[in-house]
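Residue numbers count from 1 along this sequence.
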Amino acid sequence: MDFGKVRNIKNIHFSLPNDSPETLRVLTGLPQREGLPHVYIGCTGWSMKEWIGKVYPKNAKPQDYLQYYSRQFNTIELNTTHYRTPSASDIQKWYNSTPDDFRFAPKMLQTVSHSPQLGFGTGLTAQFCEAIAGLEEKLGVCFMQLPPHFTYKNLRILESYLSKFPKDIHLAIELRHEDWFANEHYFKTIFDVLEHYRVSTVITDVAGRRDVLHQRLTTSTAVIRFVGNDLHATDYTRIDEWVVRLKKWFEEGLHEVYFFTHEPDNLNAPDLAKYLHDAVNSQFEAILRGPHFIEEEPPKQISLF
């Protein structure tokens, strides 16, 4: 993930900003949560041979990576869907390869999210949604990453799109253009629209764009994309602060969170995910599952099904 990356983080102020004033109103107005909150923790892709020996066993084959991945994490930011609509056979394989509590978070097609009219008239969104619906209960949140050139001038296009988007698929939107956050009117308007259509917001925590750390929730689900810096000390202090914030949100009424860890080249993302999992476990009760690296487990426990 190159968005918002900087070479030197020395002068970056990493502390989390205060919540948007509307976040508390949204959370306290939600239906009461039944039972413990759900915390879904994952990375962005499973095709990482570099994880063999830590996340995957030493004899792991590429065709089995998803099976091993899904036993270490309970969600994934599914980037492959950003470039093509998955086939029915893809969907069936993904479904069959993962445990019951696993949730996929597919990324909307780039040919939709990055087109001026959001793919209007192409039928691409309908085809995409029909495909991912095959994941059934393992379909978590689908998110659309709007490009930096998508501005307030495009708001009517987005409203029209959201009004027609299938109501049975949980959508989240990531905004990137600076004006959404710099202009108070634009900020209020876009998040009111998302709240109206029950679309979740994506909060991105990345060094070079602290404005996208907007802390405005619109539904019972929070989606966080966290970009670390090679396991720098600040990666861990930032995670610590996030755990405090998540505890607060859950106390205020949030139902679930999807938290995706990013590190350069994806190499150390599992380490950060494990740290997050352990930190959550130490601070509050939740339904979650995180990695137990291979060297920490008896060999007999490494198996498929």
Side-chain angles (χ1 to χ4, degrees), residues 30-31 33-47 62-113 119 123-145 161-174 194 197-202 218-225 254-260 273 277 286-291 303-305:
L30 293 171
R33 185 182 64 239
E34 296 182 6
L36 295 174
H38 283 81
V39 178
Y40 295 101
I41 300 172
C43 305
T44 171
W46 61 74
S47 299
Q63 62 264 32
D64 297 326
Y65 285 177
L66 175 58
Q67 292 179 323
Y68 289 116
Y69 174 95
S70 64
R71 281 147 185 79
Q72 296 279 29
F73 306 94
N74 60 358
T75 190
I76 188 164
E77 181 181 311
L78 193 55
N79 278 326
T80 185
T81 58
H82 192 48
Y83 304 104
R84 65 176 181 87
T85 297
S87 66
S89 60
D90 288 335
I91 294 291
Q92 193 62 51
K93 180 180 179 181
W94 296 344
Y95 184 93
N96 292 338
S97 298
T98 51
D100 292 344
D101 68 340
F102 191 80
R103 297 295 180 267
F104 291 89
K107 192 174 180 180
M108 176 57 69
L109 281 173
Q110 188 178 55
T111 49
V112 172
S113 62
L124 290 174
T125 295
Q127 295 168 20
F128 182 86
C129 290
E130 182 179 357
I132 64 172
L135 292 169
E136 300 180 11
E137 78 282 357
K138 294 182 184 179
L139 175 59
V141 60
C142 168
F143 77 98
M144 176 182 285
Q145 186 181 85
Y161 182 85
L162 296 180
S163 70
K164 298 176 178 63
F165 194 85
K167 299 298 185 290
D168 57 343
I169 292 181
H170 188 166
L171 181 66
I173 295 287
E174 181 181 16
L194 297 181
Y197 287 105
R198 299 182 180 179
V199 172
S200 295
T201 56
V202 176
T218 52
T219 71
S220 60
T221 299
V223 182
I224 299 158
R225 305 179 77 220
L254 187 69
H255 291 191
E256 61 181 7
V257 62
Y258 286 81
F259 201 112
F260 302 105
H277 169 269
I287 299 170
L288 77 164
R289 183 161 59 78
S303 62
L304 298 180
F305 298 99

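- The structure places CG of Leu78 at 5.5 Å from CH2 of Trp46, a figure rounded to the nearest 0.5 Å.
- A distance of 5.0 Å separates NZ in Lys107 from CZ in Phe143, rounded to the nearest 0.5 Å.
- His82 meets the ring-ring contact (aromatic ring centres under 6.0 Å, His included) test with His114; sequence neighbours excluded.
- Closest approach of Val141 and Val223 over heavy atoms only: CG1-CG2, 4.1 Å.
- The side-chain heavy atoms of Leu194 and Thr219, taken from C-beta on, include no pair separated by under 4.5 Å.
- A heavy-atom distance below 4.5 Å is found between the side chains of Trp94 and Leu66.
- Checked by atom type, the side-chain pair Tyr161/Thr125 shows a donor-acceptor distance below 3.5 Å.
- To the nearest 0.5 Å, the span separating OG1 on Thr75 from CD1 on Ile41 amounts to 10.0 Å.
- Distance OG1/Thr111 to CZ/Phe128: 9.5 Å, rounded to 0.5 Å.
- Side-chain contact check for Pro106 versus Leu139: some heavy-atom pair is nearer than 4.5 Å.
- At distances below 3.5 Å, at least one donor-acceptor pair connects side-chain atoms of Arg289 with backbone N or O atoms of Arg71.
- In this structure, CG on Asn74 lies 7.0 Å from CG on Leu288, to the nearest 0.5 angstrom.
- Among residues two or more places apart in sequence or in another chain, the ring-ring contact (aromatic ring centres under 6.0 Å, His included) test is passed with Tyr69 by Phe73.
- Looking at Arg103, its side chain does come within 3.5 Å of a backbone N or O of Glu137 through a donor-acceptor pair.
- Nearest approach of Leu254 to Ser220, heavy atoms of both residues: CD1-O, 3.1 Å.
- Minimum heavy-atom separation, Ser113 to Met108: OG-O, 4.3 Å.
- At distances below 3.5 Å, not a single donor-acceptor pair connects side-chain atoms of Arg33 with backbone N or O atoms of Glu256.
- Remark: side-chain polar atoms of Arg84 are not paired, donor with acceptor, to backbone N or O of Thr80 under 3.5 angstrom.
- The two residues Tyr197 and Ser163 make their nearest non-hydrogen contact at CE2-CA, 3.6 Å.
- Other residues, nucleotides and ligands contribute only 12 or fewer heavy atoms inside 6.0 Å of the CD atom of Glu130.
- Rounding to the nearest 0.5 Å gives a distance of 7.0 Å between OG1 of Thr44 and CD1 of Ile76.
- Listed here is the closest heavy atom pair of Ile169 and Cys142: CG2-CB, 4.1 Å.
- In this structure the side chain of Leu109 reaches within 4.5 angstrom of the side chain of Thr85, judged on heavy atoms.
- Minimum heavy-atom separation, Pro86 to Ala131: O-CB, 3.6 Å.
- The side-chain heavy atoms of Phe165 and Cys129, taken from C-beta on, include a pair separated by under 4.5 Å.
- Listed by chain and number, the residues in a salt bridge (Lys or Arg N to Asp or Glu O under 4.0 Å) with Arg198 amount to none (sequence neighbours excluded).
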